[in-house]
There are 2 protein chains.
Amino acid sequence: MAIPHPIPDPLAQMIAERFKVLGEPMRIRILDHLRDGPRAVGVLADELGTSQQNVSKHLGLLHGAGLVRRERRGNAVLYEIADQGVFDMCEHVCGGLERHLAELQSLVTGEVAP
Amino acid sequence: MAIPHPIPDPLAQMIAERFKVLGEPMRIRILDHLRDGPRAVGVLADELGTSQQNVSKHLGLLHGAGLVRRERRGNAVLYEIADQGVFDMCEHVCGGLERHLAELQSLVTGEVAP
DNA sequence: CAACTTGACAACTAATTGGTTGATCAGTAC
DNA sequence: GTACTGATCAACCAATTAGTTGTCAAGTTG
């Protein structure tokens with residue numbers, strides 16, 4: 001899978017949209033909690049220490065982006081990860097973070113990056 | 001590199017921060033243009049059809065996140081990609097987009113996703 | 001020196017959005 | 001049927017931010 005280059009404008013828009021969905025700590029935490037398995041909205045709200053409405057809103061966004069799946073169970077609604085690739089992305093981000101922080105570190109210690 | 005689980009709150013914050021920087025079409029386009037090599041701010045502004053101040057602002061953010069490198073050359077300032085991994089991330093996003101769109105497509109055609 | 005070029009910063013406006021509050025809808029139990 | 005629980009929807013407020021305008025700093029040229 002290769003990205004066309006130059007990136008067409010609408011594609012840049014879609015890519016940014018995707019990143020924007022992930023650009024919110026609460027949503028990262030929600031996804032992280034869903035790693036352990038499907039969760040009802042209320043359960044997530046308890047675990048995350050925020051309101052049910054708030055979690056529902058974020059889940060709606062994640063669902064719209066196709067990152068989570070929804071399933072009605074009784075009168076509860078279970079959400080689960082729909083795209084495991086998200087965590088690969090997070091690891092990628094963490095890798096970038098580490099490189100960046102290492103670079104800043106080297107500025108402090110005065111060493112030259114290898 | 002494995003992400004700790006559950007993700008500590010500050011890490012979720014940092015991850016989200018990173019995603020947020022990429023969650024803007026103009027910045028995606030800037031990074032894409034930098035793929036062809038270093039660029040001066042004014043040149044980018046021309047290529048992207050926006051103001052020099054706007055590009056400078058976005059580049060400042062990208063630089064703060066360690067995604068681009070800055071180098072003074074004469075009275076121009078050249079920017080270049082500092083973390084090639086960004087494009088891997090974009091490809092990852094595109095992959096997720098394709099999966100999501102394919103799923104939506106199957107809803108329209110009535111087929112069952114394999 | 002002055003004139004010009006290039007980029008960065010500050011202040012402002014308009015739009016977006018995270019979170020709250022209150023109402024509404026779907027499903028269960030009685 | 002009514003009462004209760006759990007989730008979504010709608011309206012609102014506060015905070016963030018993309019983009020513009022104006023100004024300033026650094027560097028070059030004459």
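Here is the naming used below: chain letters follow the sequence lines, and residue numbers restart at 1 for every chain. What you are looking at is a predicted structure, and each value in this text was computed from that prediction instead of being measured.
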| field | Straight-line distance of A/Arg29 CZ to A/Leu31 CG, nearest 0.5 Å | value |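 Answer rounded to 0.5 Å: 12.0 Å.
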| request: Without swapping roles, check the side chain of B/Arg27 against the backbone of B/His58 for a donor-acceptor pair under 3.5 Å. | output: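 It does not hold such a pair.
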| request: Would you kindly give the CZ-to-C1' distance between A/Arg27 and C/dG19, to the nearest whole Å? | output: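 One finds 12 Å between C1' of C/dG19 and CZ of A/Arg27, rounded.
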| Is a donor-acceptor contact shorter than 3.5 angstrom present between the side chain of A/Gln53 and the base of C/dG19? |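 Side chain to base: no pair below 3.5 Å.
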| said: So, applying side-chain contact (heavy atoms from CB on, under 4.5 Å) with B/Leu67, which one of B/Leu22, B/Ile30, B/Leu61 is it? | reply: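 Going through B/Leu22, B/Ile30, B/Leu61 one by one, the side-chain contact (heavy atoms from CB on, under 4.5 Å) with B/Leu67 is satisfied by B/Leu22 alone.
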| query | Looking at C/dG18, C/dG7, C/dT5, which one has an atom nearest to any side-chain atom of B/Ala76? | reply |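 Taking heavy atoms from C-beta onward, the closest nucleotide is C/dG7.
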| request: Could you pick out which residue, A/Arg73 or A/Gly23, lies toward the 5' side of DNA chain C when each is mapped onto its nearest nucleotide? | output: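 Between the two, 5'-proximity favours A/Gly23.
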| Quick one: are B/Phe19 and B/Met89 in side-chain contact, heavy atoms under 4.5 Å? |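 The answer is yes; the side chains approach within 4.5 Å.
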| task | May I ask you to test the A/Phe87-A/Ile81 pair for a side-chain heavy-atom distance under 4.5 Å? | result |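 They are in contact (side-chain heavy atoms under 4.5 Å apart), so the answer is yes.
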| message | Between B/Ser56 and C/dG7, is there a contact of a side-chain N or O with OP1 or OP2 at under 4.0 Å? | response |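 Negative; the distance criterion is not met.
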| task | Please determine if a side-chain N or O atom of A/Asn54 lies less than 4.0 Å away from the OP1 or OP2 oxygen of C/dG19. | result |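 True: A/Asn54 side-chain N/O within range (under 4.0 Å) of C/dG19 OP1/OP2.
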| Residue pairs, two or more places apart or on separate chains, that pass salt bridge (charged side-chain N to carboxylate O under 4.0 Å, His left out) and touch residues 74-84 of chain B |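 Those involving residues 74-84 of chain B are A/Arg99-B/Asp83, B/Arg69-B/Glu80.
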| Between which nucleotides of DNA chain D, 5' to 3', does chain B make heavy-atom contacts below 4.0 Å? |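 Listed 5' to 3', the contact boundaries are D/dT17 to D/dT28.
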